[in-house]
Each structure stands twice: as C-alpha cells, then as structure tokens.
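We use all heavy atoms of the structure for the numbers below, so side chains are in, but hydrogens, waters and symmetry mates are not. To find a chain, count down the sequence lines: A is the first, B the second, and so on, and within it residues start at 1.
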Amino acid sequence: MIFSRFFRRRTPPTPQLESGLRRSRQGIFRQIVQLFERNQVDEELFEDLEALLIQADLGVTTTEALLERLRERVRRGEVRDPVEAREALRDEMVALLESAMRNRRVKIYQRGVPFVSLVVGVNGTGKTTTIAKLARYHLDQGRSVLLVAADTFRAAAIDQLKTWGEQLGIPVIAHAPGADPGAVVFDGMQAAHNRGIDVLLIDTAGRLHTKSNLMAELAKIRRVIQRHVPEAPHEVLLVIDATTGQNGLNQARVFTEAAGVTDIALTKLDGTAKGGIAFAIARELGIPIAYVGTGEKPTDFAEFDPETYVDALFFGDEED
Amino acid sequence: MFEALTDRLTEVFQRIGRKGRLTEQDVDEALREVRRALLEADVHYTVVRDFIAAVRERAVGEEVLRSLTPAQQVIAIVHQELVRVLGTERVPLQWASQPPTVFLLVGLQGSGKTTQVAKLGYHLRKEGRRPLLVAADIYRPAAVEQLHTLGRQHDLPVYDEGTKANPVDIVKRAVKLARDQGYNPVIVDTAGRLQIDEPMMEELERIKEAVRPTEILLVADAMTGQEAVNVAREFHRRLDLTGLILTKMDGDARGGAALSIRTVVGVPIKFIGTGERVDALEPFYPDRLATRILGMGDIQSLIEKARQEISEEEGKKLQEKMLAGAFDLEDFLRQLQQVKKMGPLTQLLEMIPGMSQLLRQQQVQISDDEYKRVEAIILSMTPEERRNPDIINYSRRRRIAQGSGTTVAEVSQLLTQFKQMQRMMAELGQLAGGRGRGALHGLLGGRNPFGGLTGLDGMPSLGGLPTRPTQAPHPARHTKKKKKRR
C-alpha cells in the first residue's frame, strides 16, 4: 500500500500490547492515513489533527500544546510535508510521555524487605484485575507475591481477589467484609515480613476522588504501611481506564495529593478507546505510565513503553 | 468553570463592544469559548461540531434582550439547546402488558451494572413491586456473589445458577420462575463487555431474542470520554437500546458523555446514579445536567434538598434569630444536623456553582468528619454554655475538649469562629433593617429556607478550615461575594 513506507516501524513490537492495541487502532488508523495523504501542510491538516487528538481524549489543552509545537516546527522550516509532520507529531507525543517517564522511581526489589504496591483508583477501572496481572507478572520474574484485600466495602470484592489468588496459587490476606482496611493492611504487612514475601500487592476499594473521607482513608493506609517499612509504599499505582475522559486529570490530581501516586496503570486498552487522558496527566502532573492492561486475562498486560504505545495507537503498521 | 465560561464570554463581548443584535462575528467568537467548554466536558468532537452549528444558526441575528448582556444571551441559547437535546421530558420506565416485565442492563466493564441492578430493584420495591434480580454475569470472578450480597443486604431476591450455566438459559429460567411465582419485574445483570467483542455481543442478542426485554438500558459512566459515542452506537445497533442510566454522577465529572449518547442514539436518560449506596438512584432532570455540562453547578438540586429537609417555618424562625444577633450554639447545632440530613457535605458543596473548582484551587479538604468534630464539641457543652458561649473559660474548654475527644485549641477555634459568624450576622441584620427585608431575602437565596444555606457557608470555617479570611469580612464586601456566588 502506498502509505506503508510512511509508517515504518521504529520500535520492536511488544506482543501483548500489539494484539490489544490492534483494535484500538482500527478506525483511527484509517483517519490518520487519509490525513497524511494530503500534499501539503495546511490549516486543514491541523484541524484534522486536532479532531484526531481530541477524539483520543487528550483534551483541548494538551492537544493545543502539541499542535503549537508542531506549528513552531513548521514555521522553523523543519517540517515541510505531511510525512514530516507525521514524524514530528509522533516525536512530540513520545517526548511528552518520556518526560514524565523521567519521574519514574527505579523499582528495587530486595530480599527481606517486601516491595509494597498500593493500587488505587475510582470505581470500576479494573483495580482487582490489574492486581491479578501484576501478581502474575511478578511471579514470572521469580518473586514471591502476597495479596491484601483492603477493599472491604464493595460487595464480594474480597471473593473476587480470593478467586484470583486461587487461580494464581498465591495467598490472600483478608478480613470480613466491612472491616477496617487499615487493619487488613496491617496484617498484610506483618504477614509479608513473617513469610519473607518479595512483593505485597494491596487492593483498595474504588472511590471517587471527590469523597474526601475516603481519600483520607487512603492516607491512613499509607501511614499503616510506613509504620512497617518507612520507605514504602514503593509504588502507588493509580488505575485509569482508557475510556476515561477529562475527569481523569482531576482523579490523578486528587489521588496524588492523598496517596502519593507514583505511576499510572492504563487499563482496558483492548477496546477502541485510546487512553489519551494519560497524555494530559503526563503533561500536567508529570506522572508516568508504568503498565498497560489489554484484556481480562492475567497475561493481557505489558510494561509501558512510550514509543510502542504511540506507534501502536496512532501510527499503526503495515499489517493493517 | 462556569465563571470561566461567563468571564471569557463577557471578555469577548467587551472586546467587540457592541449591543443590539448578535452579529455573526459576535456569535462565532462566543461559540469558540462554548465549544471549548463542551470539549472539556467530554462531549464528543463531532457532536460538539453539530451542536455549535445548530446554536450558531439560532443565535445569529437574534436580538439581545434588554435584560441580558450578549454573553448571558449566548449562554441562555446554548443552555436551552442543551436541554432540548438532552430531552425536555422525563420518560418513565415502560412496562410489559403481560407480566413479568424484563429489564436488561448492559454496558462496558466497570460502568456500574451490578450496583444499578440492586438500586433499581430497591427503587421499584419501594414503589410496591416485587422485583427479581438475575445474576447473568458468569465471567467476572465473584460477580454472582456480589449481586447476592447486595440482595441479602437489602432483602431482594436474586436468581442465579452459579457460573457454569449459559447466561441465555439462566435468564430464560429466571423469567419462567418470575412468571410462576409472581415476581415483576425481572432485572437482569449482564457481564460487562466491549462493544467490539463479537461473541459477547451475540450473547446479548440471544438473551434479547429469548426473553424480549421491555427495557434494554445502557449503563454508562459519567466519566467516559470520547469513546462514549462508539460504545453507545454499537450497543444500540446490536440491541436497540431503550434508555440510559448515567452512573458515578456523584463525582465531579461534567458528564458530557450523556449529551454525546443522547445525540447519537436518541434514547432517553432514565436514571442518574449518584453513589454506591442502594438508594443513590435519582430521576433525570435535563436542565440540571445541561447546567453541569456547562460547568454551572447544580444549585436547583441543592435548593430542592434544602426544601425537603428544612421546613419554611423553621427556616424563618432561625433567620429572625440570626438577624437579631441571638443565634446561639444550640441553633447552630440544630442547623448543622439539618444540613447533615441533606447528605454528604462535599456533595452539597459541589452543587454550588464554581465551588468545586474553588475548593480544589485553595486545596481545601472538606470532610464530613468536620461535621462530627464540631458536633462532638457542641454536644460536650452544657445547655447553658451553648446558649451563652461567653462563659466558657479555660477550665470549661478543657472539659469540653476531653469530652469531645478534641484539643483545647480546636474548641477555642470553634468558639472564635462562631463569635465572628455571630457578629457578621448581626451586622447583616442591621444592614437588612436599613435597606428593607426584601433585599436581604434576595441576597440570601430568596424564598429558600435560609438556615441550610447559611449553614453551608459557616460550617467549613467552623470546622477549622481556611475557607474564609480569619477576620470577619466587612458586611458590604460579603454581600457582593454572596451575589456573585463564586
């Protein structure tokens, strides 16, 4: 096809991410192809790019910022045709995500001290499923894992985590429904110590960031963790659903204030949603994306890589 | 956000500096701002485009009413148009002529289907029905258990066959059971699925074929972004949706997705989910959602809540006391308890236009625990102390602090702030005396019982929060602030 040479892959594929993102890219891929089939960089091209980015949930402000940088490069004469424009936009998008990646804390796993990962987010983003995937991921790396069911609120949340624990063959620390999440976490920390666990994954109840009492609860959970291991939690993962719109930015802001979010896990990328809000979060708050979820199975999971993500989502490859 | 939009529009019109008829140029400049507001609210890109085109057509050439500024005029047109698209009438649930009626709830993973099934069951039982909930999500771990737990908690019967049976058969047998035992309606919880998941969408088609549901309701999360359009369109194409339930509206999402869905599939919005509790299901009011999408807060809902909880008479009595400067801690406590009845404080504050923005900007954390703390402090006082706080010396403060589990400093802070509030009210009272009562009524929210709302203003600061300046503001300045409702 005529456009295949424009879409030369720059980064090696990640199998899970690829298969999950394939669906996301249908539709939008066709659009972008048409976009760069134009012969010149004109106002219409910018309008179409704006439509594309906004429809991917990047939001007005982030979209404008990206396009402004592109315009600047056009003005400077670095970008002369649509193919160069495509490359330039891609680079800007990757650079945006990479600048947030620089804020990533190196994840150090040491024997004897449990690596504590606190998983938080609003309701229904896929926290429990993400925990199962993370558990599977750490098991594959040869680490011992313990799950803590600190969602004592939602009906049957504990059962859901226990089911995963059974499937993956890992222990789950749980109390009765309605118990104090802080107490469950306390027991989890103690158990992790006693059993010499490498990675402790804590599932928390979904909560809207506007409920300040529930946000205070998260702060309390943090304190309980720190009483055992002062430098923990080593990772506070905010789970954001790829279908989330501009509200994701508020979520990230408030969860960071309350629980010190270190990374984003972007879930449900197996649909047609693109998760563009992650760009806005990276740009405005500098929070990096660590993982992506691309399905319901524990293996539908990958470490995040900006180039692969941007290429897969927005710039496709020959096979389509 | 509303302030942002109004301010920006006002600025635009000041720049143009004309009145009279709205010219094309006026409208275009204004609509650029409106467009941005809608996109920021997650309304779909193409929906915004069409919407703006429709508004433009209506607005150009329209006479600017004498009572309005051009900015207000444009907002009014936009608001009306939004309400028109969202549906001007509430459409109730439809019932089958032959019971049992089947309601099928469908949607993406994590949109809140299971919770809404329980809420709907609870809501309809309150209306005197005998609902049967059906657990047809056999895929997500513990989804069946979740529905059972909710059923048990609220005494609602749940039909399930575990996770081994086929969902189509489960639903068929549930409907038969309902017919035999007189359950009506049957409310079916289906598994969350992507609209592009072919086998899963076929499963829904088969369920529909098998039991002919009267309502097929799409459960959609208010926080959904641009994707809402694809989801709704595809579910509608496969299933012919009859309505929409918009969930997680208790958050601060603007809910533009609802406008997208309405525009694309045209089905009415039947309910709004406003929390995890089983009673957090509300009827849908288009004008309120329109206001919210534009970022204008939801003052109507707040007033309605206040009306429900505070009787007119009580409000009036309280008002007189306040203006006479005779408002004491006992009145305050009563007021506090009334406000508490209206729901979580954060939720109330969010309804005030611009408030959520303001609170976030100032990084103020308002917690319902503040209620409890203030309440505990006042309850630890003797009636005498409540009526006459001036007698509370250090030793009394220490006793109150001990009794309420707070510190002496917290007690003192509450007393100081209460005194400021009292003084402010007295000053307001004098102001009202001078300028006539009517003005004051308007100032404090008109007919609306005034206890509740003033309580909202006073409360956070009494909880020791830095929401207002530490010294009592000058009454005139306060007046201005109130009117602007920032």
Visitor: Does any backbone or side-chain atom of B/R152 lie under 4.5 Å from a heavy atom of chain A? Answer side chain, backbone, both or neither.
Guide: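 No part of it gets close to chain A.
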
Visitor: If I compare all heavy atoms of A/E47 with all of B/Y45, which pair ends up nearest, and what's the gap?
Guide: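 It is O-OH, 3.9 Å.
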
Visitor: Sort by residue number and list every residue of residues 226-235 of chain B having at least one heavy atom under 4.5 Å from chain A.
Guide: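 B/Q226, B/E227, B/N230 fall under the 4.5 Å cut-off.
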
Visitor: Contact part of B/R193 toward chain A, heavy-atom cut-off under 4.5 Å: side chain, backbone, both or neither?
Guide: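 Neither the backbone nor the side chain of B/R193 comes within 4.5 Å of chain A.
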
Visitor: When you look at B/R140 and A/T163, which way does the side-chain contact (heavy atoms from CB on, under 4.5 Å) test go after all the steps?
Guide: CA-CA 10 Å; B/R140 180 165 59 91; A/T163 310; over 6 Å; no

Visitor: Of all the heavy-atom pairs spanning B/K248 and A/L208, show the shortest one and how long it is.
Guide: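 Of all heavy-atom pairs spanning B/K248 and A/L208, the closest is O-CD1, 4.3 Å.
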
Visitor: Which bit of A/T129 is near chain B, if near means a heavy-atom gap under 4.5 Å: side chain, backbone, both or neither?
Guide: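 Contact with chain B involves no heavy atom of A/T129 at all.
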
Visitor: Select one option (side chain, backbone, both, neither) describing which atoms of A/T243 are under 4.5 Å from chain B's heavy atoms.
Guide: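 The answer is both parts of A/T243.
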
Visitor: Under a 4.5 Å cutoff for heavy-atom pairs, which residue among B/E145, B/Q153, B/H148 has the most contacts with chain A?
Guide: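 Maximum pair count with chain A is reached by B/E145.
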
Visitor: Name the region of B/L147, side chain, backbone, both or neither, that has any atom closer than 4.5 Å to a heavy atom of chain A.
Guide: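 No part of it gets close to chain A.
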
Visitor: Given heavy-atom pairs under 4.5 angstrom as the criterion, report whether the side chain, backbone, both or neither of A/E166 touches chain B.
Guide: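 For A/E166, no heavy atom lies under 4.5 Å from chain B.
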
Visitor: Please classify the contact between A/Q167 and chain B as side chain, backbone, both or neither, with a heavy-atom cut-off of under 4.5 Å.
Guide: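 A/Q167 has no heavy atom closer than 4.5 Å to chain B.
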
Visitor: For a side-chain contact (heavy atoms from CB on, under 4.5 Å) check, start with the C-alpha distance between A/F153 and B/E276, then their side-chain angles and the critical distance, and finish with the verdict.
Guide: CA-CA 10 Å; A/F153 180 78; B/E276 290 179 86; 3.3 Å; yes

Visitor: Determine the option with the most heavy-atom pairs under 4.5 angstrom with chain A, choosing from B/T149, B/D42, B/L39.
Guide: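 The residue among B/T149, B/D42, B/L39 with the greatest pair count is B/D42.
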
Visitor: Decide yes or no on side-chain contact (heavy atoms from CB on, under 4.5 Å) for A/N247 and B/D252, but give the supporting numbers first.
Guide: CA-CA 7 Å; A/N247 192 247; B/D252 58 359; 2.7 Å; yes

Visitor: Rounded to the nearest 0.5 Å, what separates atom CD in A/Q160 from atom CD in B/Q146?
Guide: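 So the CD of A/Q160 and the CD of B/Q146 are separated by 7.5 Å.
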
Visitor: Strictly distance-based, threshold 3.5 Å: is any side-chain N or O of A/K268 a donor or acceptor partner for the main-chain N or O of B/Q109?
Guide: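 Here the side-chain-to-backbone pair exists.
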
Visitor: Could you tell me which of A/Q251, A/R154, A/E296 has the largest number of non-hydrogen atom pairs under 4.5 Å with chain B?
Guide: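 Result: the option with the highest number of such pairs is A/R154.
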
Visitor: Pairing donors with acceptors under 3.5 angstrom, does anything connect the side chains of B/Q195 and A/T272?
Guide: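 A donor-acceptor contact under 3.5 Å links the two side chains.
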
Visitor: Nearest 0.5 Å, what's the CG-CE distance between A/N123 and B/M223?
Guide: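 The distance works out to 6.5 Å.
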
Visitor: Who passes salt bridge (charged side-chain N to carboxylate O under 4.0 Å, His left out) against A/R283, sequence neighbours left out?
Guide: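 Counting only residues at least two positions away or on another chain, A/R283 forms no salt bridge (charged side-chain N to carboxylate O under 4.0 Å, His left out).
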
Visitor: Check A/A155 against B/L150 and note the closest heavy-atom contact, atom names and distance.
Guide: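 Here A/A155 and B/L150 meet closest at CB-CG, 4.0 Å.
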
Visitor: Between chain A and each of B/T114, B/T224, B/V144, count heavy-atom pairs under 4.5 Å; write down the option with the most.
Guide: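 Maximum pair count with chain A is reached by B/T224.
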
Visitor: How far apart are the C-alpha atoms of A/E50 and B/R35, what are their side-chain angles, what is the distance that settles it, and do they pass the salt bridge (Lys or Arg N to Asp or Glu O under 4.0 Å) test?
Guide: CA-CA 13 Å; A/E50 184 198 39; B/R35 172 179 182 270; 3.1 Å; yes

